[in-house]
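Note sheet for the following structure.
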2 protein chains.
Amino acid sequence: MSTNFINKGSNMTLREYILSLSQFYRVNIRAAVNASELGLNGMHVRCLHVIANTPDCTANCIVKNMGRDKAQIARLVKEMIAKGWLEKHPSSEDKRSQILSLSASGRQLQQKISLLEKTIENTILTGLSEQDVADFQRIAGKMLDNLSGSVS
Amino acid sequence: MSTNFINKGSNMTLREYILSLSQFYRVNIRAAVNASELGLNGMHVRCLHVIANTPDCTANCIVKNMGRDKAQIARLVKEMIAKGWLEKHPSSEDKRSQILSLSASGRQLQQKISLLEKTIENTILTGLSEQDVADFQRIAGKMLDNLSGSVS
DNA sequence: GAAGTTGGTTGACATCGTCAACCTTTTGAA
DNA sequence: TTCAAAAGGTTGACGATGTCAACCAACTTC
């Protein structure tokens, strides 16, 4: 236990790096999004991401991607449609499903979010070389493979 | 936007690596803790960590470390004291504060958690060299410094 | 010494998450 | 081909979690 006692800089555990990095990232993006007064919360942002990046996106795609309960996603999607950010169209593949896409205003939102994220990414990358970034991605990718049981 | 379209392996964005890694970590540790039937939720685990690693730990230390509301922490601490995991003693520095520490059963819990975390860490590290790990820590540390405004 | 700030407690309520029930559609086994 | 099981999505109900406010005692600052 005493080896974890000193919580400063280079004696942080791997766990702490992983969790701190994401926490700080989230704190920064939340502050940026709130400061932009876009009226978005974290779930909105994540959902916009999934839909923007998933061809023929259904509610079930979002459920799987975000690892969330289908009830929650149904409500989220319903809210975002009501706000005019999303549109839905019948799926030709499956009558139970609707294909979700970003509306024009949803796309504008997504672009604003991307700019904010790019700003934070630039902050994160300050002082790091391209090799550092490539190494980080390679190592983090391996870690992810390991954590997801190499099924990724 | 289309450069973020392909979400497979080496074309993931930095954001995605950071958030995915922590999400998978959390999914894994939650499953392990639940499987161990310790009766702990995520906040319990985090609180045990903070107290185990903070000399003369007060509620306020936990608030600052976890970035949470003092009302929430007060309730959490009260609950954990009621469960017998924590003990409190008057602070000699400040009569408003109590010094929190792990009880014997709290320490047992913390040790069980550490074992689970070590198991997951070993999973994460499979196939990575010591140099990889050192690089990851160096790079992640730099990223954290960048994100926390170099005040860390 | 007085005013302002801080540590902690509790009330009240908002927000978020989960489970269940349900209906329609699809899938796959017999 | 038929039908039971599974799946996609919706909504009800309620539990879990988080936030803001009010308050009091203790501490700090001027």
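Every chain is numbered from 1, with letters handed out A, B, ... down the list of sequences.
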The correct set of residues in residues 74-88 of chain A placing a heavy atom under 4.0 Å from DNA chain D is A74(A), R75(A), K78(A)

Among the nucleotides dG9(D), dA26(D), dT25(C), whichever has the atom closest to the side chain of A59(A) is dG9(D)

Could you tell me whether the side chain of R96(A) has a donor or acceptor atom within less than 3.5 Å of a complementary atom in the base of dA7(D)?
yes

Donor + acceptor pair across side chains of N122(A), T119(A) (<3.5 Å)
no

From CD1 of I62(B) across to P of dG7(C) the rounded distance in Å is 13 Å

d(Q110(A) CD, R107(A) CZ) to nearest 0.5 Å is 11.0 Å

In whole angstroms, the gap separating C1' of dG7(C) from CD1 of I99(B) amounts to 12 Å

Rounded to whole Å, the CG-C1' distance (D56(B) to dG7(C)) equals 16 Å

Between CE of M43(A) and P of dG18(D) the distance, given in whole Å, is 14 Å

dA26(D), OP1 or OP2 - any side-chain N/O from S97(B) closer than 4.0 Å?
no

Interatomic distance, OG1@T54(B) vs CD1@I62(B), rounded to 0.5 Å, equals 7.5 Å

Students should find that the end-to-end axis angle of the helix from dG1(C)-dC30(D) to dA30(C)-dT1(D), with five pairs defining each axis and rounding to 10 degrees, is 40°

By nearest-heavy-atom nucleotide on DNA chain C, the more 5' of Q72(A) and E93(A) is Q72(A)

Using 30° and 60° as the class limits, which term best fits the ring planes of F136(B) and F136(A): parallel, tilted or perpendicular? parallel

Closest to the 5' end of DNA chain D, once D94(A) and R68(B) are matched to their nearest nucleotides, is D94(A)

Exercise for the section: Check the side chains of S97(A) and S91(A) for a donor-acceptor pair under 3.5 angstrom, ignoring hydrogens and angles. Expected result: no

When rounded to whole Å, the CD to P distance for the pair Q98(A) and dT24(C) reads 16 Å

Original post:
Do NZ/NE/NH1/NH2 and the carboxylate oxygens of K142(A) and D145(A) come within less than 4.0 Å?
Top reply: no

Atom NE2 of H89(B) and atom C1' of dG7(C) are separated, to the nearest Å, by 19 Å

Distance col, row R138(B):CZ vs L128(A):CG, nearest 0.5 angstrom, shows 7.5 Å

Notebook entry, point to check: Any side-chain donor paired with an acceptor under 3.5 Å for E16(A) and T13(A)?
Noted result: yes

Sorted by position of nearest nucleotide on DNA chain D, 5' first, the leading residue of K70(B) and K70(A) is K70(A)

**Asked** When all nucleic acid strands are considered with a 4.0 Å heavy-atom cut-off, which category describes A71(B): base, sugar-phosphate, or nothing?
**Response** base

To the nearest angstrom, the CG-C1' distance between N60(A) and dT26(C) comes to 13 Å

D69(A) atom CG is separated from dA13(D) atom P, nearest whole Å, by 17 Å

Residues S101(B) and I51(B): closest non-hydrogen pair is CA-CG2, 3.8 Å

Separation between CD (E79(B)) and NE2 (H44(B)), nearest 0.5 Å, reads 3.5 Å

